[in-house]
Amino acid sequence: MTTVTDDSHHDDHHEHHIPTGIKRWLYTTNHKDIGTLYLWFAFIMFLTGGAMAMVIRAELFQPGLQIVDPNFFNQMTTVHGLVMVFGAVMPAFTGLANWLVPMMIGAPDMALPRMNNWSFWILPFAFLILLSSLFMEGGGPAFGWTFYAPLSTTYSNDGTALFVFAVHIMGASSIMGAINVIVTIVNMRAPGMTYMKMPLFVWTWLITAFLLIAVMPVLAGAVTMVLTDKFFGTSFFDAAGGGDPVMFQHIFWFFGHPEVYIMILPAFGIISAIVPTFARKRLFGYASMVYATASIALLSFIVWAHHMFTTGMPVGAELFFMFATMLISVPTGVKVFNWVATMWRGSMTFEVPMLFALAFIVLFTIGGLSGLMLAITPVDFQYHDTYFVVAHFHYVLVTGAIFSIMAAVYYWLPKWTGKMFHIGLAKWHFWCSLVSVNVLFFPMHFVGLAGMPRRIPDYALQFADFNKWISIGGFAFGLSQLIFLALLIKACKKQGEPVSGQVWEGAEGLEWEIPSPAPYHSFETPPEVK
Amino acid sequence: MSEKYEKYYVPAESPWPFMGAVALFLLAVGAGNLVIEITRDKEGFGGYFLTAGFITLFFMLFGWFRNQIHESMAGMYSAQLDRSYRQGMAWFIFSEVMFFMAFFGALFYARVISVPWLGGASNNLATYEVLWPTFEAIWPLVETPDGTKTQAMGWFGLPLINTVILLISSVTCHIAHVALEKNQRAKLKLWLGITVLLGCIFLVLQVEEYIHAYTEMGLTLDSGIYGNTFFMLTGFHGFHVTLGTVILLIMFLRVLKGHFTPDNHFAFQAGSWYWHFVDVVWVLLFFFVYIL
Amino acid sequence: MKKILSKAESVLAVLLANPVFAESEKHIDQYKLNMTEGVTDISAKVYDLHMLMFWICVVIGAGVFIAMFISMYFHRKSRGYKPATFHESVKVEIAWTVIPFIILIAMAVPAANLLFDMEDASEPDLTVLVTGSQWKWHYKYMDNDVEFFSKMATQAEQIDGKFAKNENYLLEVDRALVIPTGKKVRFLITSDDVIHAWWVPDFAVKQDANPGFINDAWAKVEQPGVYRGQCAELCGKDHGFMPVVVVAKEPAEYDKWIAEQQAIQQKAKEEEQRLLAMNMTMDEAMALGEKVYNANCAACHMPNGEGLPGVFPALKGSQIALEDQPKHIDVLVNGVTGTAMQAYAKQLSMSDLAAVVTYERNAWGNNTGDLVQAKDINAAINGK
Ligand code: HEA
Ligand code: HEA
Ligand code: CUA
Ligand SMILES: [Cu+2]
């Protein structure tokens, strides 16, 4: 049924025809080029968001106000959250999808290559708007990444209009990216590649893309209402006109909760690829992994109000959302257990991607379990809006999403460049990150339980010691990422030992059957999948 | 080269997507600044950016589509690509559905939750007694808690006529499509032309209704949650009808130029899907906004 | 550049000298790792539930990690372990779907029960209306004629590091909420502007204060004492400086206190009338005005009157503060609806208002020479 590049109008699938110069990057329609752009963009955003986190941590190093004023602190918190979520994690996953999905399903490229380019190039512009608002009069957004009304409407500065339109075009980019992924997966699989033979990374992305298309427009609706409430006199979120500020939260979290799974499902796919390779044993329970992913995605639509237990919902609603949220642990647990069962009686080695994957499993589980505690409504009254929540979501996001992305980069980098990365640096990167990230985020549980609210620039004295350690961990984790930067620069300069197509001894999948570096169009003739 | 597979067309690199990104950038900066300037009575350059954005966008769309039409007419597209386009369009429409869902959600929330709660329902007796003791929770909300008064828009008259118009236009659009598939060009032109015309009439009547609401009923965008949901839903719908009409108009022009064949007419198909979608949204609107 | 350098310098100095260590040593006793057990029946149950959840999670986590580490240690290639080939088992999958599900039910039941108790605020002995606004709390006793604002009392100098920080740094207020022990107190919680959240960890009470809606919560405190909490929903610039302090007193003492308050507030009203007839001198007005300004206005308009450009307008050199005196008084008395500028008529006495207007019209080089008196404010409020 599918797909060969045998058209005479299209001749640049031979290495020597690759266009060069800046135009190559601006006009490209090649999934690998676009994937690279996405990944570099995501990494730059990670450093940017990280630099903001460093400002936060420096201010919180000790009680009192030392470095920034509270208003700027709020801008840092807000923009840190936005940049990390929309600028780092999501584009990084999209970049990986671009690089890997066509290779994994035996296609020459994405289904809609020009739209692919469009979705990428929107992003730098969207973030240009968002970040430049920090330098304008009144400053950038200061209402938290969740931009609750009416703090983001009546009580925000006028720069909110720019924030709204930046989110709009960012959303357009995500939707187009997601459509592309779905269409590619549905239409461009090599002959014989049935759905239940697709690698899990492809599966998880298929489902993620569905989530994206379903919820990004809702976010667009939410920001639109914020815009009209602030500037055009509507009162969606204002009781005086018959609306309700809590309505904003419902709409936002209807987007927001699926959004957090958007940031973790592809990670599950990555881990499901890496663990079997280095355990030299097939993934345990492939089918149940697929079903679990789908259940998580479906459940994610009916749990949103667990972020809103303190808003005064009726008890019935609180119970419903508590139970639904708890249920998500079951399919997630299935995944964790499957990974452990894959390792069980395997023949394990511990190359760098595997190290990150193992750290992921342990630390993500810790984050997941604290999520489960948060789901228990009566206790969430104590946890809510404290650093306990901050600890939870950094465990699932940093040691979850970010670690999985790093694992993925280490795993597939040799395939991309044709050279093995600098293993010494990589190990340093891993061990420094592993230790410092826990110094950074683990004590947040304690200060949170002891009663430290989140989003505050200054705190009471009993939290001082832990915060000092948290900040030290933060600086160390930040510096550790510079090792990664160095390693990536080396890799892009194509330094290192050449590798074979297979790269890792135990790796299975179509992407390992082509040479390293992967040819410009991976499959000139579609591979036959048994 | 193996013949047993279909041809797959990887488009060569192209300047249009990047230009599209620039257009969106200009539009976002322009719209953002313009909103601030209009509502805060300021001078600024928002309008210029917005205009530049639109010009770039049209230039981009024109160029991109011309390219695309060119390639399509040259027979460079495969069935696989056609499928990709169709599915892409279907998912795009799904995303539009979800966009409207956000506003329908707001409408339902207001009707089922926020307005009754302000009137003391559920666990909100104190809200009513302490904060809004004179508030009457009814829908349509003709008097807001802070006392803004307005009137409700009835469903009889213009809205009903508009419903009929849109429903008919969906049928005519379908007839045109069938005609195209049977290669009856004259019939195709006629019915597609009628569809475009109906779209325009709908829009004119909609404007009429808005003028009526603003000048005679005191029903405005800022007259409380009833007006908010009314104008946002019908407004975004109207915006989509405008887009749909423009798309169909372009299809009409292309038909006049002799484009499309019975089995290769993705653009037409997409336009007609879009039109049906806009139609379904209207039916929902008519039901939930006007009648109920 | 110079500014940045000097900031960098101070950061360095801080890092090197690090006075925190010394300071927090003193408070080592109140340094906690875990959630408080609190002082109400409910808060104790919340704590127990929290510990139950915690231990369940620890056990599950430990199970998973132990299994994982066993295979990492024993089933490794370097020990020559050959991989097995099994890769699915429906039975096992069902087991690890059903067992967690059962665990979840075991967690859900006590949680649901406790939730019903927490949400049942019916039949209170006493009701207090708690209203948040940027950045203070207003308490109104619904059964008595007593109401007041409660603001953070920590001095700006402690925050800036000029003075040593005292024990309840950031957690002290000028006037605490007082409640009786042994009585079921119902809190009606709402807001005047953005969303705040009223949180007292010791009562396990955290409720959002939503503008235009009222939420409720309740507590029955057994031991007298001082209980401290904070605003727990981002509410703008000074969200971190919006503490909650509740003092629980024996019923008898509480009754005495409330009677006193009633008398004081009554007296204040009379005093207000008397002051109307008096005139302040310029110096008196400026001195009082500065005090009032720093306590109430400086949070937004900044101590130097320059505001935060784009967020809060400058009063220094503002057209309203320099020329339009009636408008100035009007803004202060009625606020500006739809902005963060609140109406101060109910928050400050007329002489305070007069003084602060005078101050704003003469400080920071706004040398208008205008002297505003309480009776001018009275005229604006009551149209007399
Ligand atoms: C990648 C992102 C990610 C992921 C995967 C999750 C996963 C989960 N989250 Fe998290 N969450 C966030 C990101 C994420 N979250 C963010 C960003 C916020 C804060 C937003 C903000 O306010 O700014 C948040 C906040 C948040 C809250 C609101 C807290 C509050 O504000 O008061 C809650 C409450 O229920 C919650 C719950 C959960 C649960 C139950 C899961 C579950 O999916 C976890 C499931 C996993 C496990 C449970 C572990 C593995 C399972 C087993 C080993 C099986 C056995 C276990 C049992 C059956 C008991 N999360
Ligand atoms: C994927 C998402 C993601 C990621 C990766 C991170 C990463 C980090 N986060 Fe973030 N965080 C969020 C998502 C994320 N966060 C969200 C959603 C919020 C909520 C926002 C809100 O409340 O609205 C939040 C809030 C948040 C807070 C709470 C703020 C508050 O409530 O006031 C804190 C505080 O410590 C914090 C810290 C950190 C740190 C130290 C890192 C580190 O992991 C970052 C490490 C990376 C670097 C440091 C960059 C690399 C190095 C350099 C650029 C060189 C310079 C380095 C030095 C000078 C040392 N984050
Ligand atoms: Cu009030 Cu935060
Ligand atoms: Cu969630």
Side-chain angles (χ1 to χ4, degrees), chain A residues 62 64-66 70-71 137-138 144 148 150-151 154-155 157 239 245-246 280-282 284-285 288 310-312 315 319 323 326 330 333-334 336-337 340 343-349 362 365 369 373 376-379 381-382 384-385 446 449-451 453 455-458 460-462 464-465, chain C residues 14 20 24 27 30-35 46 49-50 53 57 61 64-65 67-68 71 75-77 81 83-84 87-88 93 96-97 100-101 104 108 111-112 114-115 118-119 159 161 169-171 194-195 197 201 204 206-208 210 212-213 215 230 232 234 237 240 308-311 338 340:
Chain A
Q62 59 162 347
L65 290 178
Q66 291 87 28
N71 198 45
E137 191 191 66
Y148 280 9
L151 188 60
T154 313
Y155 298 88
N157 61 32
V246 177
R280 289 170 187 72
K281 185 161 155 279
R282 261 178 76 182
F284 187 86
S288 68
T310 63
T311 56
V315 194
L319 285 176
F323 295 152
M326 292 169 76
V330 175
V334 168
V336 173
F337 299 139
V340 175
M343 287 183 252
W344 191 257
R345 297 185 48 211
S347 172
M348 297 225 277
T349 52
V362 174
T365 302
L369 291 171
M373 293 171 74
I376 311 295
T377 315
V379 242
F381 283 108
Q382 292 284 44
H384 177 69
D385 259 320
F446 303 138
L449 290 175
R455 294 167 167 169
I456 56 173
D458 190 7
L461 299 179
Q462 69 263 34
D465 291 310
Chain C
V14 164
V20 202
S24 46
H27 308 288
Q30 39 163 267
Y31 166 130
K32 280 183 295 186
L33 287 176
N34 201 352
M35 183 187 286
V46 167
L49 189 61
H50 156 69
M53 298 303 143
C57 288
V64 172
F65 302 152
M68 196 171 143
S71 50
H75 310 153
R76 54 162 76 207
K77 197 181 172 199
Y81 200 89
H87 61 85
E88 64 192 340
E93 299 284 357
W96 63 42
T97 307
F101 190 74
L104 289 180
L114 180 53
L115 188 61
M118 289 176 91
E119 294 286 358
I159 297 173
Y169 176 69
L170 297 188
L171 298 179
V194 300
I195 303 177
K206 184 187 283 152
Q207 271 296 324
D208 285 5
N210 298 322
F213 288 84
N215 276 330
Q230 276 174 276
L234 178 61
K237 177 173 148 290
L308 283 179
V311 188

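These numbers were taken from a predicted model, which means no experiment stands behind them. We name chains A, B, ... by the order of the sequence lines, and we start the count at 1 in each one.
- In terms of non-hydrogen atom pairs under 4.5 Å with chain A, the most contact-rich of H75(C), Q230(C), R76(C), E88(C) is H75(C).
- Residues I195(C) and P150(A) share a closest heavy-atom pair of CG1-CD, 4.0 Å.
- The contact between N215(C) and chain A is made entirely by side chain atoms (from C-beta outward), counting heavy-atom distances below 4.5 Å.
- Residues L171(C) and Q462(A) meet the side-chain proximity criterion, which asks for heavy atoms closer than 4.5 Å.
- Contact of F65(C) with chain A is made through the side chain alone, with heavy-atom distances under 4.5 Å.
- Between chain A and the options G212(C), P309(C), A112(C), A340(C), heavy-atom pairs under 4.5 Å are most frequent for P309(C).
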What verdict does the side chain to side chain contact (heavy atoms under 4.5 Å, CB included) test give for H384(A) and K206(C), after you've listed the backbone C-alpha separation in whole Å, the side-chain angles of each residue and the deciding distance to 0.1 Å? CA-CA 8 Å; H384(A) 177 69; K206(C) 184 187 283 152; 4.0 Å; yes

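- In this structure, the portions of Q207(C) lying under 4.5 Å from any heavy atom of chain A include both its backbone and its side chain.
- In this structure, chain A has heavy atoms under 4.5 Å from both the backbone and the side chain of L104(C).
- With hydrogens and angles ignored, the 3.5 Å screen pairs a side-chain donor or acceptor of N210(C) with a backbone N or O of T311(A).
- Residue contact with chain A, scored on non-hydrogen atoms closer than 4.5 Å, involves the side chain of L308(C) exclusively.
- Closest approach of L49(C) to P378(A), counting heavy atoms only: CD2-CG, 3.9 Å.
- Proximity to chain A is limited to the side chain of M118(C), based on heavy atoms less than 4.5 angstrom apart.
- With hydrogens and angles ignored, the 3.5 Å screen pairs a side-chain donor or acceptor of Q382(A) with a backbone N or O of P201(C).
- Using a 4.5 Å cut-off between heavy atoms, V334(A) touches chain C through backbone and side chain atoms alike.
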Check step by step if side chain to side chain contact (heavy atoms under 4.5 Å, CB included) holds for K281(A) and H87(C). CA-CA 8 Å; K281(A) 185 161 155 279; H87(C) 61 85; 6.0 Å; no

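- Considering every non-hydrogen atom in both F381(A) and A204(C), the closest pair reads CB-O, 4.5 Å.
- For F323(A), the part lying under 4.5 angstrom from a heavy atom of chain C is the side chain only.
- The parts of A108(C) that come within reach of chain A are both its backbone and its side chain, each placing non-hydrogen atoms under 4.5 angstrom from that chain.
- Of all heavy-atom pairs spanning P100(C) and F337(A), the tightest one is CG-CE1, 4.1 Å.
- Here the closest non-hydrogen pair linking K237(C) and N71(A) is CG-N, 4.1 Å.
- At a 4.5 Å heavy-atom cutoff, the contact between L65(A) and chain C is made by backbone and side-chain atoms alike.
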